[in-house]
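Contents: one structure, followed by commentary.
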Amino acid sequence: MFTTSKTSPISTTRSSIGPNELDGDWKALVDRNIEAYYEDMDALNILRADAYPRCTEYVDDMVRITQDLIDKGHAYEANDGVYFHVESAPEKYGQLTGQSIDAVRSGAGGRVDDTGSGKRDHKDFALWKAAKPDEPTWDSPWGPGRPGWHIECTAMSLDHFEKEFDIHGGGHDLRFPHHEAEIFQGECHTGHAPVVHHWLHNGFVNIDGEKMSKSLGNFWTVRDILTKVDAMVLRFALINAHYRSPIDMNEALLNDAERNYNRLLGCYVEALKARTDPSPVALPHPDLASPLPLGKSLGLLEKMGEGFARAMDDDFNSREAVAKVLGMVREITKVLNGALEAADRNAFAHYAVELLEETAARVLGVLPPQEVALAEPEDDPRKAEIADQVEALLVERAEARSAKQWDVADRIRDELQALGVVVTDTATGPEWDLA
RNA sequence: GCACGGAUGUCAGAGUGGCUAUGAGCGGGACUGCAGAUCCUGAGACCGGAGUUCGAAUCUCCGUCCGUGCUCCA
């Protein structure tokens with residue numbers, strides 16, 4: 001919701017140049033970054049929000065709220081800006097972090113002396129900052145300047161939600177001081193509490209066990225990763241852990257996710273293809289104790305579907321939900337590969353498709369649309385180029401194999417490998433793909 | 001130092017006082033000329049110590065280690 005790029009699970013661009021470093025054209029920079037952000041989020045199948053407010057369009061509101069806080073005795077003007085006076089609402093202190101006012105004082109040590117010189121108290125935070133050279137500025141009753149960071153979020157969120165809203169997200173690092181400040185500002189301004197009912201703070205994405213940071217050089221953007229794996233695989237990897245936990249982004253995690261995703265996708269495709277008739281017959285009643293194998297399987301799947309819903313209802317326990325989906329995949333594969341009457345198989349396939357679309361696709365967002373899932377991978381132009389050659393070699397190899405000339409067959413497989421093709425023998429014959 | 005989280009098999013990672021998931025990896029089996037893929041199956045863990053309890057991965061306390069925040073910027 002109202003998060004900065006820093007709190008996104010993975011930073012979207014490399015560019016994080018501050019406005020001071022540019023020769024005035026900071027608006028174009030902002031537009032470029034926002035465009036890149038949308039592209040990355042779309043690729044990851046993240047639904048667009050209803051509104052994407054931009055703080056530069058809310059400066060008037062920020063000024064108005066700041067003035068109101070001054071009028072109500074919660075803020076004061078100093079020589080270098082306007083500050084929120086934290087002691088004016090001490091009961092609100094530490095709501096998110098459990099820190100007492102005294103604890104913060106000792107933690108801050110001597111480091112506050114040379115900053116925010118106009119503050120009456122080191123705990124106070126800026127609502128408005130007087131202009132500094134080369135910075136973009138706006139006019140205000142307290143002279144030209146720019147808003148403080150925290151007031152931006154308050155102005156935008158209250159404009160959309162009036163005085164309270166249900167869920168406020170953000171990175172774990174923003175709990176203090178940013179979100180605490182939002183509580184002070186919002187509740188003191190409206191006189192209504194709580195301004196936020198539920199705070200959702202996500203853990204960080206680390207790289208190989210280390211915090212992702214530019215100085216360490218271990219910076220992976222979404223785009224970097226999408227050159228290596230499918231967007232659905234990255235999404236699968238990101239929901240591998242609970243959103244509150246830190247997650248370590250590395251090759252092993254992506255490989256793991258790729259494997260699981262392929263199992264899921266393979267099962268989905270198999271179920272889609274098993275729907276041979278658009279009007280399915282009635283299936284047996286789901287019943288774990290049923291003597292009918294199909295009834296029992298349906299009972300199992302129903303139970304896993306309930307477990308899935310319970311997990312997601314419990315503070316978005318995505319890992320638990322993924323486990324349930326993989327359990328469904330196993331059971332569905334088993335049933336589709338088992339002995340079934342044609343009508344039952346068709347009906348079960350309809351049921352399985354619906355179940356996977358409801359859970360893996362609609363809720364978790366880790367399944368592509370049907371037409372994409374069913375698209376033949378030969379669309380790859382590199383594959384089309386060598387297809388005839390490969391098919392010819394495969395015919396030769398099949399002949400050699402049926403003649404039990406294993407050395408000839410293996411030599412052909414080596415030739416194919418030299419072309420960059422991997423052959424896999426399956427129950428229905430050899431399949432090939434680019435390595 | 002203070003605050004808030006966390007520590008679960010080889011790895012990743014859920015877990016509701018009694019039964020523990022899921023996936024990878026590893027072992028066994030089916031299918032395979034071989035490899036791979038697929039399917040079935042097995043073994044394998046709750047950081048250390050104390051306490052509460054008939055019973056603790058789960059609750060309490062102590063310890064150790066790890067993460068984040070505690071000045072500015074966003």
Side-chain angles (χ1 to χ4, degrees), chain A residues 3-7 16 18-20 55 94 96-100 102-116 119 122-123 125-126 129 132 135 146-150 152-153 171-180 201-204 206 209-211 236-237 239-242 244-248 250 252-264 266-267 270 304 307 310-311 314 317-330 333-334 336-338 400-407 409-410 413-414 417 422-428 430-433:
Chain A
T3 60
T4 68
S5 66
K6 184 181 176 186
T7 63
S16 61
N20 277 339
C55 62
L96 286 181
T97 53
Q99 299 191 100
S100 68
D102 291 342
V104 171
R105 185 188 302 277
S106 67
R111 290 175 293 178
V112 292
D113 291 347
D114 52 354
T115 57
K119 287 184 187 183
H122 79 276
K123 297 186 296 295
F125 54 86
K129 291 167 180 288
K132 288 180 194 157
E135 280 186 356
R146 63 188 177 86
W149 165 35
H150 316 302
E152 297 172 5
C153 291
H172 211 262
D173 55 335
L174 297 182
R175 285 187 318 155
F176 186 93
H178 184 54
H179 292 160
E180 294 253 15
H201 292 112
N202 62 273
F204 295 124
N206 297 325
E210 280 188 309
K211 184 177 172 181
F236 210 112
I239 61 174
N240 184 56
H242 193 275
R244 269 183 278 125
S245 311
I247 188 166
D248 195 36
N250 55 49
L253 178 73
L254 290 172
N255 288 341
D256 219 46
E258 185 157 43
R259 224 182 147 88
N260 281 330
Y261 171 66
N262 285 335
R263 281 166 60 86
L264 167 64
C267 174
E270 201 179 337
M304 288 192 260
R310 215 177 310 118
D314 182 14
N317 191 338
S318 57
R319 188 57 178 90
E320 180 76 13
V322 166
K324 296 295 179 199
V325 167
L326 292 173
M328 293 174 194
V329 166
R330 177 177 289 260
T333 306
K334 201 160 127 187
L336 288 177
N337 289 336
R401 289 183 77 210
S402 57
K404 296 195 190 297
Q405 293 175 323
W406 310 129
D407 53 331
D410 287 347
R413 188 159 60 187
D414 289 344
Q417 199 159 12
V422 175
V423 178
T424 304
D425 293 321
T426 71
T428 55
E431 288 176 5
W432 66 280
D433 203 348

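Every chain is numbered from 1, with letters handed out A, B, ... down the list of sequences.
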Comparing nearest nucleotides in RNA chain B, the 5'-proximal residue of the pair A:Asn337, A:His242 is A:His242
Nearest-nucleotide 5' precedence on RNA chain B, A:Pro147 against A:Asp314
A:Asp314
For A:Arg175, what residues pass the salt bridge (Lys or Arg N to Asp or Glu O under 4.0 Å) criterion, not counting sequence neighbours?
none
Counterpart residues, salt bridge (Lys or Arg N to Asp or Glu O under 4.0 Å), relative to A:Arg413 (two or more places apart)
A:Asp410
Proximal nucleotide (of [options]) relative to the [X] side chain:
{"X": "A:Asp256", "options": "B:A74, B:U68, B:A24", "value": "B:A24"}
{"X": "A:Lys334", "options": "B:C40, B:C70, B:A37", "value": "B:C40"}
{"X": "A:Asn240", "options": "B:A12, B:C4, B:A74", "value": "B:A12"}

Does any N or O donor sit under 3.5 Å from an N or O acceptor when you compare the side chain of A:Arg413 with the base of B:C34?
yes
Less than 3.5 Å between a donor and an acceptor, one on the side chain of A:Asp410 and one on the base of B:G33, is that the case here?
yes
Distance, [atom1] atom - from [M] to [N], rounded to whole angstrom:
{"N": "B:A14", "M": "B:A3", "atom1": "C1'", "value": "27 Å"}
{"N": "B:C31", "M": "B:G44", "atom1": "P", "value": "28 Å"}
{"N": "B:G67", "M": "B:G25", "atom1": "P", "value": "30 Å"}
{"N": "B:A30", "M": "B:U64", "atom1": "C1'", "value": "49 Å"}
{"N": "B:A57", "M": "B:G18", "atom1": "C1'", "value": "13 Å"}
{"N": "B:C47", "M": "B:U16", "atom1": "P", "value": "15 Å"}
{"N": "B:C46", "M": "B:A7", "atom1": "P", "value": "15 Å"}
{"N": "B:G51", "M": "B:U58", "atom1": "C1'", "value": "15 Å"}

Has [X] got a side-chain N or O lying under 4.0 Å from the OP1 or OP2 atom of [N]?
{"X": "A:Arg330", "N": "B:C40", "result": "yes"}
{"X": "A:Asn260", "N": "B:U22", "result": "no"}
{"X": "A:Lys119", "N": "B:C72", "result": "yes"}
{"X": "A:Ser245", "N": "B:A14", "result": "yes"}
{"X": "A:Arg259", "N": "B:U38", "result": "yes"}
{"X": "A:Arg401", "N": "B:U32", "result": "no"}

From [atom1] of [X] over to [atom2] of [N], roughly how many Å is that when rounded to an integer?
{"X": "A:Asn250", "N": "B:U10", "atom1": "CG", "atom2": "P", "answer": "19 Å"}
{"X": "A:Glu258", "N": "B:G23", "atom1": "CD", "atom2": "C1'", "answer": "14 Å"}
{"X": "A:Glu320", "N": "B:G15", "atom1": "CD", "atom2": "C1'", "answer": "7 Å"}
{"X": "A:Glu431", "N": "B:U38", "atom1": "CD", "atom2": "P", "answer": "11 Å"}
{"X": "A:Arg319", "N": "B:G23", "atom1": "CZ", "atom2": "P", "answer": "9 Å"}
{"X": "A:Ile247", "N": "B:G6", "atom1": "CD1", "atom2": "P", "answer": "17 Å"}
{"X": "A:Asp173", "N": "B:C4", "atom1": "CG", "atom2": "P", "answer": "18 Å"}
{"X": "A:Asn206", "N": "B:G67", "atom1": "CG", "atom2": "P", "answer": "9 Å"}

Applying the Watson-Crick and G-U criteria (both distances under 3.5 angstrom) with [ ] for crossing and | for other-strand pairs, one obtains for RNA chain B (((((((..(((.(...[.).))).(((((.......)))))....(((((..]....))))))))))))....
Distance only, no hydrogens: is a donor on one side chain within 3.5 Å (strictly under) of an acceptor on the other, for A:Asn240 and A:Arg319?
yes
With a non-hydrogen cut-off below 4.0 angstrom, is A:Ala241 in contact with a base, only sugar-phosphate, or nothing?
sugar-phosphate
For A:Val322, the option from A:Asn317, A:Asn260, A:Ile239 that meets side chain to side chain contact (heavy atoms under 4.5 Å, CB included)
A:Ile239
Compare all side-chain heavy atoms of A:His242 with those of A:Ser318 and state whether any distance is below 4.5 angstrom.
no
Going by the rule side-chain contact (heavy atoms from CB on, under 4.5 Å), which residues pair with A:Ile247 if we only count those two or more places apart in sequence or in a different chain?
A:Val205, A:Ala241, A:Leu253
Test of understanding: with side-chain contact (heavy atoms from CB on, under 4.5 Å), list the residues that count as partners of A:Thr333, not counting sequence neighbours.
A:Cys267, A:Glu270, A:Val329, A:Asn337
Has A:Gln417 got more than 12 heavy atoms of other residues, nucleotides or ligands less than 6.0 Å from its CD?
no
Is there aromatic stacking of A:Phe176 on B:G69 here, judged by a ring-centre distance under 5.5 Å and a plane angle under 30°?
no
Residues passing the ring pair (Phe, Tyr, Trp, His ring centres under 6.0 Å) test with A:Tyr261, sequence neighbours excluded, are none
Between A:Asp256 and A:Ala252, is there a donor-acceptor pair closer than 3.5 Å when you use the side chain of the first and the backbone of the second?
no
